[in-house]
Structure formats: C-alpha cells, structure tokens
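Step one of this worksheet: look at the structure below.
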Amino acid sequence: MSRDRALAALILFVTTAVFIGLWNMATSGNDGGLAPTPAATLRSAIEILSDPFYREGINSVGVFWHLLASLQRVLTGFLVAAVIAIPLGFLLGSVRSARWGLDPIIQILRPVSPLAWLPLGLALLRDAERTALFVIIMSALWPLLLNTIEGVRSVNPLHLQLARTVEAGRWRVIRSILLPSALPQMITGLRLSLSTSWLVIIAAEMLVGGRGMGYFVWNMWNKLDIPAICVAILIIGLVGLALDRAVSALHKVVPHA
Amino acid sequence: MSRDRALAALILFVTTAVFIGLWNMATSGNDGGLAPTPAATLRSAIEILSDPFYREGINSVGVFWHLLASLQRVLTGFLVAAVIAIPLGFLLGSVRSARWGLDPIIQILRPVSPLAWLPLGLALLRDAERTALFVIIMSALWPLLLNTIEGVRSVNPLHLQLARTVEAGRWRVIRSILLPSALPQMITGLRLSLSTSWLVIIAAEMLVGGRGMGYFVWNMWNKLDIPAICVAILIIGLVGLALDRAVSALHKVVPHA
Amino acid sequence: GTGGTAPPAAPAVEPGTHGEDVHALPGIENPELTIGFIPITCASPLVNAAPLGIYAKHGLRVTLKKYAGWADLWGAYVAGEVQATHMLAPMPLALHHGFASGRKATRMPLITNVNGQAITLANRHRDTVRGPEDMRGFVLGIPFDFSLHNLLLRHYLSTGGLDPDLDVDLRILRPADMVANLLTGNIDGFLGPDPFNQLAVARGAGYLFTLTRDLWDGHPCCCLGVSDEWALENPVTYRALTRAVADAAVWSDDPAHRPQAAASMATEQFLNQEPALLTSILAGTYPDGTGRTMQEPDRIGFRPFPREDFGMWILTQLQRWGLTDDRDLGNSAALYAATTEVFDTPAAARALNDLGIDIPSARTETITGIPFDPARTDIWTRREVTS
Amino acid sequence: MPETALSTHDDPSASSRHDASFLHLEGISKSFGSGADAVQIVAPTDVRIGRGQFVSLLGPSGCGKSTILSIIAGLVEPSDGLLWLDRRPIDGPGADRGVVFQQHVLLPWMSARENVEFALSCARPELGASARAEVTDHYLDLVHLGHAKDRLPGQLSGGMQQRVGIARAFSLEPKVLLLDEPFGALDALTRHSLQRELLRLWEADRRTVVMVTHDVDEAIALSDRILVMNHGPDATVTRDISVPFDRPRDPDTLPDEAAYRRLRTSLLDSLTRDETTGDAA
Amino acid sequence: MPETALSTHDDPSASSRHDASFLHLEGISKSFGSGADAVQIVAPTDVRIGRGQFVSLLGPSGCGKSTILSIIAGLVEPSDGLLWLDRRPIDGPGADRGVVFQQHVLLPWMSARENVEFALSCARPELGASARAEVTDHYLDLVHLGHAKDRLPGQLSGGMQQRVGIARAFSLEPKVLLLDEPFGALDALTRHSLQRELLRLWEADRRTVVMVTHDVDEAIALSDRILVMNHGPDATVTRDISVPFDRPRDPDTLPDEAAYRRLRTSLLDSLTRDETTGDAA
Ligand SMILES: Nc1ncnc2c1ncn2[C@@H]1O[C@H](COP(=O)(O)OP(=O)(O)OP(=O)(O)O)[C@@H](O)[C@H]1O
Ligand SMILES: Nc1ncnc2c1ncn2[C@@H]1O[C@H](COP(=O)(O)OP(=O)(O)OP(=O)(O)O)[C@@H](O)[C@H]1O
Ligand SMILES: O=[N+]([O-])[O-]
Ligand SMILES: [Mg+2]
Ligand SMILES: [Mg+2]
C-alpha cells in the first residue's frame, strides 16, 4: 500500500519531469515562433498570479476577475438548465408518450455543437451576455435531461408496486420514490453538464468578449502571448477539477448512491 | 402501446408546429434583425442541399465536402485517441501505482476546454490540420481513458480468482476476462468521446479554417448568412445523431453488455 | 514605398491648438455611452479619446468595449448592444442598405483613418511574388467581406488578371488570427490592419509586400458608425460624439502625438500590444521584414472626413463582387443617393467647424493608377476595370 | 374441488365455516401477450380461502404463483374471472392487502423506521404522527429490531431487511397478508429463524395469509392448507391439501412425526413429477 | 483434537489411514488489517483431511469459512501456518484444486461449453482441441446439460449455471474440490436436486472435497465429516464430527433415521448457541 504510494509519487515525478524536458527541448530552439518555453511559461505564471486582483478600467482586470466572470456565467447557465431539465426529465421519464414524442427533437438538438448555437443565440437574443448563458444552457441541458430521464426510468418497479399496495399518492411517489431513485444518476448528469459547460464557456467568451477566462485567452492570443495561454489552460483545468469534485461530493451527501 | 405511439406522434407534431410558429412570430416582424425567418431558413436549406457537391475555384465547395472533412478529422482523431486510451486504460486499470501516479495529470488536463488547446496546438505543431487533430485527440482521450480504466476496474474479482485457480496466463486474462468485462463501459466511453469530438471539431474548425462544418458555420457567421447557420446546425445535429447511433449499435454486437 | 505626396486636403491645424476653447455642448441627452472597437491601430481616435480625456472634454462618459472580429461587432451593433461603434468604411453602407443578415438604419459621420493596411506575405514568397499575377492559388486572409481590405485586394488581384473568386481563396480571418495562420503556413498572406502586419514581421512570419497606401493613397479605412435611431433620439449627444472623435482623430494625426498615441493604446484594456510595435507603425519607421528599414510617415493617417467619392467607390465594388445581396445599385446618381443616405457629411462639417478646422477640399481619388470619376461609375462595376 | 390427499386432512371449507369465502378467486385466469402470441399462463382457477387461514401456494418455478399473488394484490389484472375479499370485489391495489416481496422490499434511502412510517402514512393517514410512531415501534419491536430502527437498509442483513418488510406489512393491519417467497433469498439458518418468528407473529392474531413458497418444509411448518400448482403454461391449482398438525406448532420437532415425512414425500413427488430434466433446476 | 460428539462417530484419521493427511492445514491463521487495526479472523487451526474424504465446513455467518477455503485454494495467503497437499507445500493457486464459487461463477460472455473449455485450456494445456472438446462434453453430459451446451450463462437458470460450474471443476480432475456454498443462492427445490446430483458425481470417483455450507441438512446428507467453526473473530474448528451413515446414501430417506435427527439438533444447537439476537438474521 505505502510502497504503491511511493511508486505513484515517483511515476508522477518522472512523468512530469520527462514532459517538461521534452517541452523544453521542443521549444527552446526556435524562440521567434509561437511555442513557449517552460521558463517563459513559469515567468508568465508568476506575473499573472502575483497580481490577480487588479482592476484598471473595464477591459483590464486581474485573472481572478476573469475567473469569477466565467464561473458566474457557468453557474447561472447551469442552474437555469437544471430548472428546465429536472422537471422535464421527470415528466419524460414517467410519461412514455411524451418521451417518445420529444425524443426525435432531443436527439437532433443534443449533438449540435454549442458553438454553433452562438451565432444563432446572438441573432435571437441580441445580447452577448444572454447569448453566453443561452449557449451554456444548450450545452448543460442534454446530459442533465437524459440522465434524469434514465434515472427516473431506472426506478425499481417493485418500489412502485409497493407504493401502489400502500395507496401512496402521486406526489408522494415522486418525492419519496422517484426522486431518491433518480438522484444518483441525476448527479452523474450534473457532473457531465458542468464539465461540458466549463468546456463551452471558454469558447463562448472568446466570442462574446468583455470578461472571462475565454476572453483572457483570446486577449493573449491577440498579442500571441502563448505563455499566458498556457497559464490560463492550467487555471482552467484546476478550476474545472474543483468544480467536478464539488459536484461529485453530492454523491456522498446522497448516502444510498 | 399503439395508442401511446399515436399520442407521441401528435406530441411531436404539435411541439414542432408550435416551435415553428413561435419562431416565425419572433422573427418575421423585424426584418432588420439578425434572426432568420423559418421561410428564409427553408430557402437556404434548399439552396445548400440542392447542390452539396459543387467545387468551384480553389476553395469554394459544397456542404458535402465540408461534412466529409469534419467527419474525416473526427474519425481520425477519435481513432488515434482510441489507440492511445485503450492500452493506457488497461495499464492504469490494472496497475494501481501507475493509476495513482498519473491521476493528478489526467484530472487537471481533462477539464481544460479543448478550445484552449487550440492556440497551444497551433503554436507547437505549426500546422492547422495537425492542430485540429490534436484538439480532437485531447477531447476524445479522457472519456475513453477514464471509462476504460473504470471498465477494467469493474471486472468481477471472482472472475480474476477463477483465472488464478485455473492458472490462466496474463495474456489470457486480458483477452478472455478483462477485455470482455471492460467492453460495455468502453463502448460508453466511445460514445462520450465521439460526441465530445463532434462538439469540439466544430469549434476547432472555426479557427483552423479551410474546410469542415465548423469552418462553414464560421464563414457563414463572418458573411452574416444566419439562415445558412441554422441549416448547418440541423445537419450537424443529424450527423451527430447518426454517429452516436452507430457507436451504440456496438452495444448490440456485444451480447452480454 | 517612399514618402508620397501629401494629400492636398489635410487639415491645417497647429498641434494641440485646435478645439482648445471648445467646451461641452449643453443639453447632452445621455452622456453615458458604450462604443465598440476592434483592437487595431485604426482605432486610435476612438480609443485614445478615452485615456486622453477627449470624450470627457466633450461631456461624454464613454465605455469602450472590445470585440474580437468584425462579424461579432456587426452582431452586437445590430442587436443593439452598442449604438455607436468602430466600423470598416463599407459597413455602414452594407448595414443601412441591408446587404447581409441584420439590416439597420445607420449613419456615418466620420471616416476616422486613411491608409493603415498592408499586404503581408509569408517569407517563402519573398523571391517569387512581384505582383498580383504571382498570387494565383494563394490563400489570402481578409478581415471581413464588407471591408476596404477585401475590396482593394480584389481589385488589385484583378489588375493582375486573376479572378478573386476562382483563382485565390480569400479567407475571412479575425485580425488577431492572421499572424498565427501565417506562422503555421495556413495562409500565404493577408491584407490586414495593423498592428498585425508589423507583428507578422516581428515574429518572423512574413514581410510587408505592399502598403495599401501605395495602391490608393488616402483610401478610407475605418469610421465611426451610429444607429439612425439613436442619432435622431439624441441629436446633441450625436453632435458631441462626432466632435469628440473628430477632435481625437486630428490629435492622432499629428506626427508629434504619435508616440503618445501608441503608448496609451498599447495597454491591456485596449490593443494589448508592445508599445514599441505600435510606435513603429504610427511613426512610420519600421522594418519591412526583408531586412530594410522603411520611412513612411503616411503609413496611416487620421483625416476625419466622409467624402462621398469613398462611398460611391465602395458601392461600385460591392456591386462588382456580388456583395449587394443580388441587388442592382444603379447608376452614378443612384450610388450618390445611396451614399449620402449614410454618409453624414453635414455632421462632419459641423464638427470640424466647431473645432475650427478647415473642411478638406475636393480631389480626385486614384486607385492603382486609375482615377475615379464619380460620374462614370459604370466602368468600376465590371469584373475587368480599364480606365 | 379440494383433493384429500392424506388420511389426516380436514375439509378446509369446514375449518371456519362461517367465513369460508373470505378471499374468493372465481374463475381467475391470466394470459400474457396478445393475438397469436398470447399464452395462457394461469388457466381458470377457483379458490376460496377462509378468514384467518394460513395458505401456502407451492409449485414449480415459473408456473404462475407470483402471478396469482399479484392478481390478489391488485397489481396485475386477471384476463378473466372475479375476485372477492370479504364479499366486496377487488379492483386495483389497496392497503387492505399487505404485501411482502421476496427482496428489494425496502426503500434504501429510508431507515427501517421511516420505511414503516412511510407505508403507514400512505395507508392509514388517519393516524397522527405520534400514533404512527407508536405503531411503528410496536411492530419493529415485535420482529426484534428495537435496536436497529434507525439504520438504513444497506446497514441491515438480508434477514433483518425482510423482518422490516414483515413488520411493515403487519403494521398496516390488512385483511390479508400476501407473502411472495418471503425467505427465498435468505440462507438456511436465517430462513429457519424467520419462519419461527413469522409463526409467532401470526399466532398472535391469526390474520389471513397467502404465502408463495418453493420450500416444502416451510409450507408444512407454517400452513393450514397447501395449494399445489402444476407445471405451466395453463397452470392451475391441482391439489388442495390440509396440514394436519395442531397449533401452536414447533417446527423443530415436527419432522419427527411420521405424518410429516409422508406429507413431505408426497409434496416433493408432485413437484418433481412433471419436471423436465434440465431446465427445471 | 477431533471431538467425538456422537456415539456413532468414527475416527476420521482412521477412516483412510494410509493417506490421512492428504490435505493438511498446519497451524493456519489469518488476520486482516495491520498494526493496531489488525483483527485475527481465523485463530491457529489444525486440520488433516484424508484422501477421498467429503468434508463440510459449517459455521455461523462471517466466522471465516470462506477465508479458510480461499487459503486452501491459494487465493488468500495465511498470516501464519503451513499447508500441505499430497505431501507438497501449497503456495498460490493451482489447477490441482478445483473451486466452485457460490455464484457469478461463469464468464457471462462465454457459452457453457466455452466456459469449461477455457478452464481446461488454461489448466490442462497438454490436451489437444479434440480431447478438450471430449472432456467438456463428458462432464456437461454428466450434469445433464447436454442440450444447453451452447447457451450463454444469461440464458441458463441459476441451478443450470451452478451445474456448469461443477462440471468445470470436475473436468479439471483436480486433487481436491473446494466448494463455497455451492447451492446457497438456489431455491429449495433446485438445491435439493443439485445435492443429489453432486452426490452421484462424487460417488463415481470419490475425489477429496471440502465444502462450505450454512445448511445443516446439506452437510449431513453429503459429508463423511463435519467441521464446525465457532463465532469469530478468533474462530477455529471447535467440533469435528463424523457422519455415521453408509454410502451410497439416499438424502430423501435419511431424515427418517433417529440418528439423523439427533445429529441435526446437535448441529443446530452449536450453530445458534452463540448467536446474537438481532444481527445474526
Ligand atoms: N409481464 C409478463 N409478460 C409475459 N410473461 C410473463 C409476465 N410476467 C410473468 N410472465 C410469465 O409467466 C410465467 C409465470 O410467472 P410467475 O412469476 O408467476 O412464476 P412463479 O411461479 O412465481 O415462478 P418463480 O417460482 O420462478 O417465482 C413465467 O413463465 C413468466 O415468464
Ligand atoms: N479482505 C478482507 N479484509 C478485511 N476483512 C475481511 C476480508 N475478507 C474477509 N474479512 C472478514 O473476515 C470475516 C470472515 O469472512 P468470511 O467471508 O471468511 O466469512 P464466512 O464464514 O465465509 O461468512 P459467510 O457465511 O457470510 O460467507 C468477516 O468478518 C469478514 O468481514
Ligand atoms: O480590422 N480591420 O481593420 O480590418
Ligand atoms: Mg415468483
Ligand atoms: Mg463465505
């Protein structure tokens, strides 16, 4: 056990070292081009992270504020998606004809790249901020909806029979049987939704601009400041990881999951 | 059963009709806005789909060729991701210390938006086509890898004990026990990977350009031809649905899944 | 190129003296204003007016909002996110007359800069490309369909006997994407705005093949566009804005102000570029990527007047290349009318007058050596233009 | 119709003559599928069960025992026939019949107590919160779960879970208890002790019980009467046997009696008689 | 050490004196956890099992029966002690011991035939393809699965699956068969018929068998000798009982004998003696 842990630490260390070594070899030769060296990236990281809270005018703020803006958009869109997907999922999960009727629409809309929604959103909503939300909703909706439907359908039929034999009302069935049954899979859906949203917001912010990690990446791209982009990638990854862990923690709150 | 089907058809019809009605109401009034009317979209669809195969000048081609280019990129990237993820997944699924060692790296890289990889890919690979592939690989890799790992780990320990009691060799254990055990979850991973790839290629092609459905959308956005974007959304959705169905069909090929 | 002849109609103003005694107009309806811009050097008047306090001097409280590409800005403007914005000179015409999705009644009180573009080619073409005829098969970046860049490049290629629709691939790229695409070999070159031409040189991605100044000296580039509705509802604000931007343009045009203009634009919230890069462009002393250092004070100029000839030429070219949504714009008189619907020359004249600056006098535009006669627009709408 | 297979039987309809048709299945049959694919699983079956009787339904796997129990529970609609409980027709499920399933009987997100209270609050809404808690405590104590009331099902052994299910069914105080192989998923020792516990509970108020079982010893030890079904399709009750032992019984000493062993052999015979060689096991 | 609980026992070490230590557990113990958390589940245990003996391991739930069987199988390493099979030390699993698990015993993606052939091709690679097919057919026929050889496990009933598992274990022709509650997951009737089948198979070549079971009747019906374990932790074999009935036996008539009933009561007593009230069921 502890030998395995030591070995794991060694593997992590060696992999990281080899990766940075290769990176350095690949980039340190051609310093005129785009590719950043590890050292330049580290310098950039120190610079960016040493003052994350500055504010100078509306388009010039520290990385913290960009992060905050992205998080706020993702969480808002995600909440709206949940408010739509969960009741709809319960309806579609329990009423077969509604499920069959809406399935073709869901199946076609689901695989549409959220980025393709961007222009349409802008056209329809006439507002960049609402468009970003719209795109997040369109990406977060489907995993949550499909998982809620599946969760509701996976309810143990014996539990429903039990409910009938004790003459439980419709509302009690939903609250005491369907909801707890569907919860674990709903949480899986939440996780998928959140990670898709996080993936998409970066792209959306590249288009809608103003503030956010996506805007940050784009602004650095404008200058071809690739080391800063590498730093942003790392930050995006770490925050995405934290979000995922937060939703996974729900699994523990739901004891039977 | 058949009454439910009829009801489902009715729901589908009514939903579609209401949707198109609302769309028409929302757009037909203000003809100055960006949002296209259903009629304009239909005209555009007819125009785009009536001649999908044209080739004109050095880079003006019909929508079929764009679709082909996207499919080719997605499938290539997806295959490369599979070739990396499946053996690696087997290794990490069965060797605990390797899994522990690489887990931090995987967890951080996974939630990075593939779009953030784009600039980095361009910088490192200095080639748009390879960058598109790189981005697809970076998005297809994780669901496949994580599902393969989980699939391998979910092997019934009794089956492994059985293998030991009959003195089965390492290779036979992999081929006859680990692989079939992991297969259903690997297929789930394949589905997730493919749908993420399809989501991402559109975004990637917006930047790397030249050809592909993403470029088509991007170009139409830059040319402000919004009806064409609506048509593209529909095509992207339908093709994504077809891809998903194709991978799901694997579930049926694997009988115990 | 070496220094060309100075345009005859440059406003004769002593640096720093114009408009000193001009004060904010009384009765500004709504001093809070958001203005969109694209982070390029052409934006100097619109952008620098903020850090220099020119907007404030004219009684406006302006928020500048940065956009990544012209389509995004078009969408935001049509959606009503911004009422007044940085535009490419053909955009107000296209928006007003509805040549693409999103028609919006628009007026354009000021062309804010002239020249300021270049054709940048990948280094591998250094020894082979002499003129447009050598660009057959090229993939060339342009920032937008409704851009002088597009129209000028198409015309230029046609003078080499190329059909720009068939013999090259004109690819729309956001300005910021141009250099990376050049670096990765994705395109052969681009006709783009600065600082990206000079950034391509700085990154070793390419060289300056020609300045657009050498194709058409004094060509219009960017402008200020506002929605008709807004201008009508806020006439005083509109007047103040026009005056402020004209003031800033004149300020920017002064060679003595250019280093300061470069520095104040370079910050992260505006162009987010190295100040030295911007200075070399604005001051007109720069390496061209082939080893030479050039002196070209007219590389970019900020001469704020919407001349009708500009609009008419633009409309001929939109017609010529099929960018009018299949509409025939008609003869010279019709083009003149279509232009004056949008080009708010009186507003420009009043603003310059307020600032005590002379209105530029008429002149004949010469494009790739061909003089533009506004009475004979028909020759400019044919695929092959011969003088 | 009741067959009298053994010398020591008594007529079930006579055992509680005043209410011999408390639960009455009148020509009940059940087919699954439709049109040409329809298969009649249960052939028309008539059964009268007296108030307070403990009846076991014994039969080979897949013959339709659970189907009949579900019909009585109101969960499955019979294809034909009528059902009467206490002289009123049955249509649909109701809390006058308490069901104990073979497994997955508890809602895993509720503690033992909550599981019982949930059923009570649905079936007997007239009870207030404190009365409900009292009834719950009473029945959980009866099945010796006083110390584990607040555990989740996942923290209970299979036997303990089944006890909660039994407590829940009894707590509803239904007219009929329906048990579908209540001990089928348990190991031999646990099964043994739960059988004794069920017997003890039942002795207390002699509620009417219909229990499906595979286990001949279980059927003999617990029932007043055993209904044997034949191999399906078209299965029906082919034997109706009274169990001749006095109450209260001691299931541990019963096997010592010769009558027990004869009854056992006879039942095993009829169960294995029409078994096909392979698939039955 | 062997206790002689009943008058009708005979000394197990004498029953096949020439090879009384064919399988020898010498001071085997097992702890789980490490440091302060270590719990000794199995206290040092000595057992000698003669060649050809059918030995049952009986004990309360969780006492460590499966642990001991896994140690013999080589799947679990003992914390202390030595193991001998046919005078050679055991370290690690091997095909000289055939294991039948309680359930999930078959690879679900292989047909019955393929499951047996997979085991054979691993354990007895010296067999050619045709010999392998022949052995497979033979053993599947023996367990009455001739008609179902090409079905996948999902298409077989639980009892049929268990039969395949038994056929597979026998087909390896191991020195010892290790059965861990082989019928524990089956219903009473199926269990009954499989017990008879196992007995028949075993009679054919009297291979050495160690079987874990919960079921007292099963242990008596099948074994030569019953090892009873006490409640854990620190469990060990506390009683070693010889079963006095002649071979071949008829499990159906055995219960008629008084000795059977005395043995049964005595075993049930020692199993339930130290049971705690609630959790044990
Ligand atoms: N909904 C259904 N549709 C079609 N056939 C069904 C359905 N429910 C049950 N059957 C069939 O009816 C037959 C009887 O099923 P049932 O569950 O009542 O048997 P059982 O006697 O309870 O068996 P077991 O002892 O295995 O529990 C079986 O052959 C089963 O396959
Ligand atoms: N790997 C392990 N780590 C820790 N404890 C274990 C482990 N395996 C088994 N145990 C514990 O050892 C004890 C004996 O387990 P074992 O499975 O041998 O019991 P058993 O007698 O077979 O029980 P059952 O009759 O329920 O099958 C149990 O308390 C169990 O929790
Ligand atoms: O950005 N442009 O000026 O085209
Ligand atoms: Mg049943
Ligand atoms: Mg065990």
Side-chain angles (χ1 to χ4, degrees), chain B residues 27 29-37 40-41 43-44 47 54-61 65 115 118-135 203-212 215-231, chain C residues 69-72 74-80 91 94-96 98-106 136-147 150 162-174 176-188 203 205 227-229 323 325:
Chain B
T27 55
N30 55 339
D31 73 334
L34 282 173
T37 60
T41 308
R43 268 197 306 280
S44 180
E47 189 190 321
Y54 76 86
R55 289 166 164 282
E56 195 184 276
I58 75 160
N59 227 339
S60 172
V61 298
W65 303 107
L115 278 239
L118 254 180
L120 195 66
L122 273 179
L124 288 171
L125 302 172
R126 305 173 145 262
D127 178 274
E129 199 56 42
R130 273 186 281 159
T131 301
L133 270 187
F134 170 70
V135 171
E205 285 171 344
M206 288 186 176
L207 244 100
V208 302
R211 200 165 286 184
Y215 175 72
F216 182 83
V217 169
W218 184 234
N219 206 31
M220 291 304 155
W221 170 237
N222 279 317
K223 291 181 172 300
L224 300 166
D225 185 351
I226 312 286
I229 293 178
C230 290
V231 176
Chain C
W70 293 107
D72 310 345
W74 174 296
Y77 170 71
V78 170
M91 280 168 65
L95 279 161
H96 186 83
F99 295 155
S101 289
R103 171 180 226 154
K104 187 154 178 158
T106 297
R136 189 177 295 277
F138 275 23
V139 180
L140 294 170
I142 53 169
F144 201 46
D145 271 349
F146 301 109
S147 68
N150 180 32
L162 269 57
D163 182 332
D165 284 317
L166 297 179
D167 298 330
V168 294
D169 179 8
L170 294 186
R171 187 169 297 175
I172 301 173
L173 294 174
R174 297 180 303 180
D177 295 335
M178 289 174 168
V179 180
N181 273 284
L182 195 63
L183 265 172
T184 57
N186 219 19
I187 56 176
D188 295 286
R203 290 301 176 104
S227 91
D228 255 354
E229 192 188 347
L323 295 169
D325 197 26

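Chain A is the first sequence line, chain B the second, and so forth, proteins listed ahead of strands; every chain is numbered from 1. Quick caveat: nothing in here was measured; it's all calculated off a predicted structure.
In this structure, C:Arg171 and B:Tyr215 have side chains that are in contact, with non-hydrogen atoms separated by less than 4.5 Å.
Across all their heavy atoms, B:Ala128 and C:Asn186 have their closest contact at CB-OD1, 3.1 Å.
For C:Asp228, the salt bridge (Lys or Arg N to Asp or Glu O under 4.0 Å) partners two or more places apart in sequence, or in a different chain, are C:Arg107. Listed by chain and residue number, nothing satisfies the salt bridge (Lys or Arg N to Asp or Glu O under 4.0 Å) test with C:Glu229 (two or more places apart in sequence, or in another chain).
No hydrogens or angles considered: nothing links the side chains of B:Asn222 and C:Trp70 as a donor-acceptor pair under 3.5 Å.
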*Begin from the C-alpha positions of B:Asn219 and C:Ile172 and carry the test side chain to side chain contact (heavy atoms under 4.5 Å, CB included) through to its verdict.*
CA-CA 7 Å; B:Asn219 206 31; C:Ile172 301 173; 4.0 Å; yes
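Here C:Phe146 contributes atom CZ and B:Lys223 contributes atom NZ; the two are 8.5 Å apart, rounded to the nearest 0.5 Å. Taking OG1 from C:Thr184 and CD from B:Glu129, the interatomic distance works out to 11.0 Å, rounded to the nearest 0.5 Å.
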